[in-house]
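Here's the structure, in structure tokens; my notes come after.
The residues of the chain are indexed from 1 along the displayed sequence.
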Amino acid sequence: MKNQTLRRFQDCNAILSRRTVAPLVCLVALILGPLQQINAADKPPNVVLIFADDLGYGDLGCYGATKVQTPNIDRLAAQGRRFTDAHSASAVCTPSRYALLTGQYPSRAKGGKGVWGPAPVSSPLLIDTDKTTIADVFKNSGYETAALGKWHLGFGTGKNNWTEPLRPGPQDLGFDYYLGVPVVNSAPPYVFVENDRIVGSNPDDPLTLLGRNAKGVTPITKIPPEAAQRTANQFGGAIEAHKLYNDYQVGTKFAEKSVEWITERKDKPFFLYLATTNIHHPFTPAKRFQGTSQCGLYGDYIHELDWIVGEITTCLEDNGLSNDTLVIFTSDNGGMFNRGGQAAFDAGHRQNGKLLGFKFGVWEGGHRVPFIVRWPGKVKAGTTSNQLIGNVDMLATFAALTKQQLDKTQQADSVNVLPAIVGDPEQPIRDHLVLVPHRETHLSVRKGKWMYIPRQGSGGFGGRKPGDHTFAGPTAAGFVGSVNSDIVNGKIQPSAPPAQLYDLEADVTQTTNLYDSYPEIVQELSKLLAGYSTKQNRNASPQNRKRNRKSNPAPKTAAAPSTRSASFDFESGKLSPWKIIEGKFAHPIGSRTEFFRGGEYNKQGKHYLSTLESSADAEKGNDSQTGVIVSPMFVPKAGDMTFRVGGGNGKDVYVALCTADGKEVQFARGINSQIMQKTSWDLTPYTGKKMFIKVVDHATGSWGHITVDDIQFDAEIFADSAEKKLDAASIIEG
């Protein structure tokens with residue numbers, strides 16, 4: 001019940017403090033529900049929250065777009081209020097949804113580990129079912145609640161194997177009803193889920209996860225290359241369920257279901273959370289919208305989104321609900337400069353307006369989003385607000401709307417911004433706002449006019465040339481004509497400061513890094529940010545982090561017998577006795593003699609372990625391969641473990657020393673270079689304990705791989721433990 005009874009008592013006491021009410025009335029109110037405690041004049045409204053996907057700050061007419069027409073959304077803004085300084089708490093889809101539903105920064109999720117990237121296909125439910133959500137707030141006030149559309153927050157506990165029922169899920173977080181796309185429209189499984197069941201499921205033909213590049217997967221809708229990237233299906237079975245999912249009908253299906261659900265509840269208080277798949281790639285608008293914009297399928301998909309909004313607002317009008325309904329329209333993050341976005345740019349469209357950067361990054365284009373509210377009679381029509389707000393604020397705002405009190409733990413990082421929705425406060429409502437990009441290193445903070453980023457760059461994707469699905473960062477910024485004092489010819493110049501500070505009041509497009517000009521502001525915001533950062537970030541200043549990435553290459557050496565009692569040099573050319581326990585790597589033992597970019601490879605001997613190689617003789621690597629590889633179990637003796645490691649420096653690619661129960665106790669990464677670095681771990685604290693090594697690659701972008709070689713240490717190795725003694729689930733979860 002999540003304190004529902006307590007809240008009813010609090011509501012009742014509040015009523016008694018406002019007016020004279022007989023005790024019997026209070027008792028009846030407690031029994032019959034919170035809504036009966038509210039005078040008709042004070043009755044909270046219905047709420048429709050439309051959460052678009054990847055819609056940028058410049059993707060709507062009312063925010064300056066000229067190559068697309070969005071009359072329904074523009075009308076919503078004309079009838080209500082448009083915010084110009086609203087932000088998604090994260091520049092990434094899954095973490096942004098976590099923040100919206102929980103009122104908590106996604107960097108705090110999972111016991112402090114954080115949620116940083118898109119949830120994988122096998123992800124469990126990422127929100128603790130004991131956490132108060134925006135749906136709980138409405139449910140506790142007697143509303144009927146529904147979530148329609150994209151979920152992308154996982155199902156179940158442990159590793160989701162897609163066995164029905166898919167619980168815990170949306171229904172365990174306050175939603176009475178759920179119908180939607182379980183992950184994202186660019187990733188499998190390409191089926192619908194209703195409540196906790198796969199729509200069209202058949203026990204004689206179950207949905208089965210086969211993995212990447214597997215044979216026997218179930219066919220899905222064919223789409224053209226210009227619709228942009230879509231991950232191949234990884235599931236077999238559920239043939240009828242797959243037939244019910246047509247990429248070109250997803251948007252219209254959710255519009256129709258929204259209208260149906262609202263109409264059936266026109267006489268009851270309701271909360272609808274509609275998370276559209278528009279305008280996330282692949283761009284698959286229904287046929288009626290194709291060719292209707294001036295910037296290709298990207299714009300056509302926006303037109304379909306606008307139509308969806310029009311269907312819902314028309315439904316409210318037809319049922320006489322407009323005046324009694326608060327409509328909120330916003331986006332989960334900024335626009336992504338993928339192939340569809342690039343084609344739209346070529347046609348003259350700027351998805352994030354003049355803002356710097358794109359989805360996944362912490363520059364303004366990654367998280368400053370459209371935010372529009374309409375509530376006739378309560379929100380003044382045709383107004384704008386420059387109040388700093390975030391989607392993380394919806395929990396506290398909805399609690400205030402429904403006259404509920406949340407304790408500090410429940411409210412988490414959420415701030416009540418209802419005064420900015422229905423009024424015009426002179427003072428800022430928010431003191432500061434934390435922004436969470438794809439990379440943990442770039443956790444940043446906004447306070448007043450200042451935006452502080454503790455590293456160089458955006459912390460987002462790193463595609464380096466037009467045509468790349470992940471085209472972003474300094475190169476893409478230069479490509480679209482953005483000007484930034486740190487960037488010259490699409491690269492961060494060597495003389496650039498180690499971190500970034502911008503005055504967004506004077507320079508919203510972030511042309512000038514003021515880090516060196518205001519050291520006192522940097523110090524203040526760095527200290528403020530430290531309270532939200534991980535231990536790794538708190539212990540490293542921007543200068544120290546830059547210094548820590550200095551190259552320390554290991555020498556190239558021939559294979560030779562080890563002088564230590566244990567070693568892994570992979571000179572057999574085989575992975576065994578190591579094991580792949582998650583994902584699939586086509587050729588995990590590499591043998592290149594030269595870098596991909598020229599130069600002799602600094603390996604030991606002939607072979608090394610790598611998550612990059614697609615074949616023994618591939619001309620280039622394959623960063624899209626992901627998974628986990630583990631060593632056999634061993635019991636170390638005192639001393640150091642020495643090895644060399646190369647590849648990526650991101651949070652999703654690393655080597656870890658683990659205890660037998662899967663706890664990661666030591667880490668090593670590359671420096672975004674093929675050159676393998678000298679590395680060592682002190683094994684003294686783990687002497688006599690069962691340990692193993694885990695190689696993790698959960699990254700698919702540039703430098704999304706890890707390479708390991710020449711592991712030397714003193715230990716007793718259990719040759720069969722990778723198969724018989726390791727719990728794969730605990731290892732993967734760490």
Side-chain angles (χ1 to χ4, degrees), residues 49 51-56 86-128 131 133-134 147 149-155 170 173 181-184 186-187 273 275 277 280 330-336 357-369 371 389-395 412-414 433-446 453-455 458-461 470 472 529 532-534 537 650-652 698-701 733:
L49 171 57
F51 203 51
D53 198 345
D54 286 5
L55 186 79
H87 301 260
S88 51
S90 172
V92 190
C93 47
T94 293
S96 179
R97 290 158 206 279
Y98 179 95
L100 174 75
L101 295 187
T102 66
Q104 183 178 52
Y105 292 132
S107 53
R108 300 186 191 270
K110 297 171 65 175
K113 291 183 178 180
V115 174
W116 301 91
V121 169
S122 58
S123 173
L125 180 64
L126 294 175
I127 298 176
D128 190 326
K131 184 76 180 73
T133 69
I134 57 175
K150 175 179 172 180
W151 181 241
H152 213 181
L153 286 164
F155 294 88
L173 298 175
V181 176
V183 183
V184 60
S186 65
Y273 165 55
T277 53
H280 192 286
T330 188
S331 177
D332 67 342
N333 44 249
M336 180 177 174
F358 303 96
K359 174 185 176 179
F360 281 89
V362 79
W363 289 333
E364 289 297 291
H367 51 80
R368 188 180 289 238
V369 292
F371 192 98
I389 66 171
N391 66 0
V392 72
D393 295 327
M394 292 303 96
L395 180 75
D413 302 302
S414 191
L433 179 67
V434 173
L435 286 313
V436 182
H438 188 43
R439 294 182 189 170
E440 188 173 356
T441 54
H442 284 68
L443 187 73
S444 302
V445 65
R446 167 77 182 281
I453 303 170
R455 291 286 294 270
S458 71
F461 273 157
T470 59
L529 186 60
Y532 295 96
S533 301
T534 64
N537 281 342
K651 69 180 182 64
D652 293 326
H698 285 148
T700 58
E733 292 302 313

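- No donor-acceptor pair under 3.5 Å is formed between the side chain of W363 and the backbone N or O of G366.
- The salt bridge (Lys or Arg N to Asp or Glu O under 4.0 Å) check on D413 picks up R108, with sequence neighbours excluded.
- A donor-acceptor pair under 3.5 Å is absent between the side-chain atoms of Y532 and the main chain of V434, judged by distance alone.
- The structure places NE2 of H280 at 5.5 Å from SG of C93, a figure rounded to the nearest 0.5 Å.
- For the pair S88 and L435, the tightest heavy-atom approach, listed with the atom from each and the gap, is O-CD1, 3.6 Å.
- Closest non-hydrogen pair, P437 versus W116, comes out as O-CE3, 3.6 Å.
- For D54, the side chain to side chain donor-acceptor pair (under 3.5 Å) partners at least two apart in sequence or on another chain are N333, K359.
- Nearest approach of V181 to T277, heavy atoms of both residues: CG2-CG2, 4.0 Å.
- Panel note: side chain S331, backbone L55; a donor-acceptor pair is recorded below 3.5 Å.
- Using cut-offs of 30° and 60° on the angle between ring planes, the pair H438 and F461 is perpendicular.
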Between H87 and E364, is a side chain to side chain contact (heavy atoms under 4.5 Å, CB included) present by the stated rule, with each step listed?
CA-CA 9 Å; H87 301 260; E364 289 297 291; 3.2 Å; yes

Determine, stepwise, if the pair R455 / R439 fulfils side chain to side chain contact (heavy atoms under 4.5 Å, CB included).
CA-CA 11 Å; R455 291 286 294 270; R439 294 182 189 170; over 6 Å; no

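- Screening V183, V92, V184 for a side-chain contact (heavy atoms from CB on, under 4.5 Å) with P118, the sole residue that qualifies is V92.
- Remark: side-chain polar atoms of T133 are paired, donor with acceptor, to backbone N or O of L173 under 3.5 angstrom.
- Listed for the H442 side chain is no donor-acceptor partner under 3.5 Å among the backbone atoms of I453.
- At least one donor-acceptor pair under 3.5 Å links the side chain of H367 to the backbone N or O of V362.
- In plain terms, the two heavy atoms of A86 and F371 that are nearest each other are CB-CB, 3.4 Å.
- Between the S90 side chain and the V436 main chain, a donor and an acceptor come within less than 3.5 Å of each other.
- Annotation: side chain of L433 is in contact with side chain of Y105 (closest heavy-atom distance under 4.5 Å).
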One pair to check against side chain to side chain contact (heavy atoms under 4.5 Å, CB included): K110 and Y98. What are the steps and the verdict?
CA-CA 11 Å; K110 297 171 65 175; Y98 179 95; over 6 Å; no

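- Between Q104 atom CD and K131 atom NZ the span is 5.5 Å, to the nearest 0.5 Å.
- Across all their heavy atoms, W151 and P182 have their closest contact at CB-O, 3.7 Å.
- Atoms CG and CG, from N391 and L100 in turn, are 5.0 Å apart once rounded to the nearest 0.5 Å.
- Side-chain contact check for Y273 versus L101: some heavy-atom pair is nearer than 4.5 Å.
- In this structure a side-chain-to-backbone donor-acceptor pair under 3.5 Å is missing from S414 to A412.
- Not counting sequence neighbours, T102 has no partner by the side chain to side chain donor-acceptor pair (under 3.5 Å) test.
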Taking it one step at a time, do S96 and F51 satisfy side chain to side chain contact (heavy atoms under 4.5 Å, CB included)?
CA-CA 10 Å; S96 179; F51 203 51; 3.6 Å; yes

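- Listed here is the closest heavy atom pair of M394 and I134: C-CG2, 4.0 Å.
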